Amino acid sequence: MDEDHGISDRGPARSSPRDSLFLLANLTGADGRSLGRARIRNLSASGLMADCERHVAAGARVEIDLRGVGNVSGTVAWSRDNRIGLAFDEAIDPQLARKPISSGTAQPLPDYLRLHQPLGRGR
């Protein structure tokens with residue numbers, strides 16, 4: 001850390017609170033080609049940090065498919081090895097990515113999927 005200016009080696013200063021989490025998502029380049037999977041380490045309304053399957057250069061335009069949110073476009077703000085910081089074009093609600101995948105409404109199973117209990121024997 002630079003003692004005189006408070007600059008660290010972590011990249012640009014962040015303005016949004018971040019949620020630490022672990023999500024897998026698909027990363028796509030601006031040209032539509034797959035850039036592989038990204039393991040999201042933290043997420044905020046304005047961006048994320050992720051480990052990627054391959055190097056993605058700073059300044060690259062990408063789209064990431066976030067569970068519960070959908071496709072989000074942005075620019076790679078920084079890149080070190082296979083880790084990136086992505087700044088979103090538009091703010092998202094990061095809590096949507098934390099919601100369970102199911103709709104949350106329990107629906108009864110059809111009869112053919114239920115385990116059938118043997119009929120009671122006269123006791």
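Everything quoted here is computed from the prediction, not taken from an experiment. Scope of the values below: all heavy atoms of this structure, side chains included, with no hydrogens, waters or symmetry mates.
If you take CD1 on Ile92 and OG on Ser46, they are separated by 9.0 Å, rounding to the nearest 0.5 Å. Here Asn82 contributes atom CG and Arg39 contributes atom CZ; the two are 8.5 Å apart, rounded to the nearest 0.5 Å. Rounding to the nearest 0.5 Å gives a distance of 7.5 Å between CG of Asn42 and CG of Leu48.
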Run the side chain to side chain contact (heavy atoms under 4.5 Å, CB included) test on Arg61 and Asp89 for me, step by step, so that the C-alpha distance in whole Å, both residues' side-chain angles and the decisive distance to 0.1 Å come before the verdict.
CA-CA 10 Å; Arg61 298 280 307 146; Asp89 292 340; 2.7 Å; yes

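Shortest non-hydrogen contact noted between Trp78 and Ala58 is CA-CB, 4.2 Å. Across Ser44 and Pro94, no two heavy atoms sit closer than the pair C-CG, 4.0 Å. In terms of heavy-atom proximity, Gly36 sits nearest to Glu53 at CA-OE1, 3.2 Å.
Test Val69, Leu35, Leu86 against Ile64 for side-chain contact (heavy atoms from CB on, under 4.5 Å) and you get one pass: Leu86.
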What donor-acceptor contacts under 3.5 angstrom involve side-chain atoms of residues 21-32, with partners at least two apart or in another chain?
residue: Asn26; atom: OD1; partner: Arg37; partner atom: NH1; Å: 3.0
residue: Asp31; atom: OD1; partner: Arg33; partner atom: N; Å: 3.1
residue: Asp31; atom: OD2; partner: Arg33; partner atom: NE; Å: 3.1

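Ser79 contributes a side-chain N or O that, together with a main-chain N or O of Val56, makes up a donor-acceptor pair within less than 3.5 Å.
By the side chain to side chain donor-acceptor pair (under 3.5 Å) test, Ser34 pairs with no residue at all, sequence neighbours left out.
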